[in-house]
Asker: 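The following block contains the structure, expressed as structure tokens.
Positions are given from 1, in the same order as the sequence printed here.
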Amino acid sequence: SNLYVKDAGKTAMLLYTLEKEASNSVGILAQANGKGSGGYMMRNTLALNDGTFTMYEYDSSRSSARYAYKLEAAQDTMAKDLAQYNAQGQTGYRFLQPLVTGDGQFNLYAHDASQSARFDWESQSDTATTLAELTQQANDQGAKNYRYVGGMAYGSANVYNLYVKPSNC
């Protein structure tokens with residue numbers, strides 16, 4: 001199932017476009033930066049019957065936004081990836097998602113040139129076995145202004161919950 005969220009206080013129109021996914025990192029970056037220069041934010045990759053596509057979103061309330069994308073080599077531990085997320089975050093690049101391409105494994109980052117944003121990241125071991133435990137962990141992080149991003153797995157035994165605290169955006 002899908003979850004959709006609407007900001008009731010926002011009158012923006014969101015436009016979506018899907019592009020055939022490139023087969024390697026050079027093509028992915030070229031496509032993403034081309035769409036980003038027109039104000040489109042990369043959202044996710046979709047596997048459909050007629051191929052694999054990248055979804056981009058344009059937010060009319062952020063018409064001045066221009067996005068630049070970059071890829072960094074994915075790391076083999078959460079601690080190493082977290083250090084990379086934080087280093088990139090201090091330069092205004094927000095971690096979006098891990099990517100596996102025909103030529104390697106990468107972490108995808110986006111920078112909105114219309115802002116001076118910074119992104120701080122934290123991870124917590126996903127030891128929750130109940131909804132109440134996960135809710136408590138997320139609320140503890142939320143009390144420090146960290147938003148829940150999702151889970152990340154490094155093998156079957158090393159699962160983490162990722163949290164981000166954006167500033168100046």
Asker: State whether Tyr93 and Lys70 meet the cation-pi test: NZ (Lys) or CZ (Arg) under 6.0 Å from the six-membered ring centroid, and within 45° of the perpendicular axis.
Answerer: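 Because its charged atom sits under 6.0 Å from the ring centre and within 45° of the axis, Lys70 does stack over Tyr93.
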Asker: So Ile28 and Phe106, side-chain contact (heavy atoms from CB on, under 4.5 Å) or not? Walk me through it.
Answerer: CA-CA 11 Å; Ile28 288 171; Phe106 301 94; over 6 Å; no
Asker: Is the shortest distance from a Lys or Arg side-chain nitrogen in Lys165 or Glu122 to a carboxylate oxygen in the other one below 4.0 Å?
Answerer: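 Looking at Glu122 together with Lys165, the answer is no, because their closest N to O distance does not fall below 4.0 Å.
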Asker: Centre of Phe53's six-membered ring, under 6.0 Å away, within 45 degrees of the axis: is that where NZ or CZ of Lys20 sits?
Answerer: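 Pair Lys20/Phe53 counts as cation-pi.
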Asker: Is atom CG of Asn49 surrounded by more than 12 heavy atoms (other residues, nucleotides or ligands) closer than 6.0 Å?
Answerer: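 Counting other residues, nucleotides and ligands, CG of Asn49 stays at 12 neighbours or fewer.
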Asker: Could you go through the side-chain contact (heavy atoms from CB on, under 4.5 Å) check for Phe119 and Ser167 one step at a time?
Answerer: CA-CA 6 Å; Phe119 303 95; Ser167 59; over 6 Å; no
Asker: Evaluate the criterion side-chain contact (heavy atoms from CB on, under 4.5 Å) for residue pair Glu21 and Thr45; output intermediate values, then yes/no.
Answerer: CA-CA 8 Å; Glu21 185 178 60; Thr45 302; 3.4 Å; yes
Asker: Quick check on the hydrophobic clustering: are Met41 and Met13 connected, directly or via other members, by side-chain heavy-atom contacts under 4.5 Å?
Answerer: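 Yes: a chain of side-chain contacts under 4.5 Å links Met41 to Met13.
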Asker: Is a side-chain donor-acceptor pair under 3.5 Å present for Tyr16 with Glu57?
Answerer: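 The criterion, which ignores hydrogens and geometry beyond distance, is satisfied for Tyr16 and Glu57.
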Asker: Distance check, rounded to the nearest 0.5 Å: Arg118 atom CZ versus Asn168 atom CG?
Answerer: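 If I round to the nearest 0.5 Å, the distance is 7.5 Å.
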Asker: Does Asp112 come within less than 4.0 Å of Arg94, counting only side-chain N to carboxylate O?
Answerer: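 No.
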Asker: When hydrophobic residues are tied together by side-chain contacts of less than 4.5 Å, even through go-betweens, does Tyr58 share a cluster with Tyr67?
Answerer: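 Tyr58 and Tyr67: one cluster.
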Asker: Can you measure from CD (Gln90) to CG (Asn86) and round to the nearest 0.5 angstrom?
Answerer: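 These two atoms lie 6.5 Å from each other.
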Asker: Measure up the Tyr154 and Tyr160 rings against each other and bin them: parallel (under 30°), tilted (30 to 60°), perpendicular (over 60°).
Answerer: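 Ring orientation of Tyr154 relative to Tyr160: perpendicular.
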Asker: For the residue pair Tyr148 and Tyr163, does the interplanar ring angle fall in the parallel (under 30°), tilted (30 to 60°) or perpendicular (over 60°) class?
Answerer: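 Rings of Tyr148 and Tyr163: perpendicular, over 60°.
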Asker: Apply the test side-chain contact (heavy atoms from CB on, under 4.5 Å) to residues Phe95 and Trp121: give CA-CA distance (whole Å), side-chain angles for both, the deciding distance (0.1 Å), then the verdict.
Answerer: CA-CA 9 Å; Phe95 169 69; Trp121 296 86; 3.7 Å; yes
Asker: With Asp103, which residues qualify under salt bridge (charged side-chain N to carboxylate O under 4.0 Å, His left out), at least two apart?
Answerer: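 Residues passing salt bridge (charged side-chain N to carboxylate O under 4.0 Å, His left out) with Asp103: none at all.
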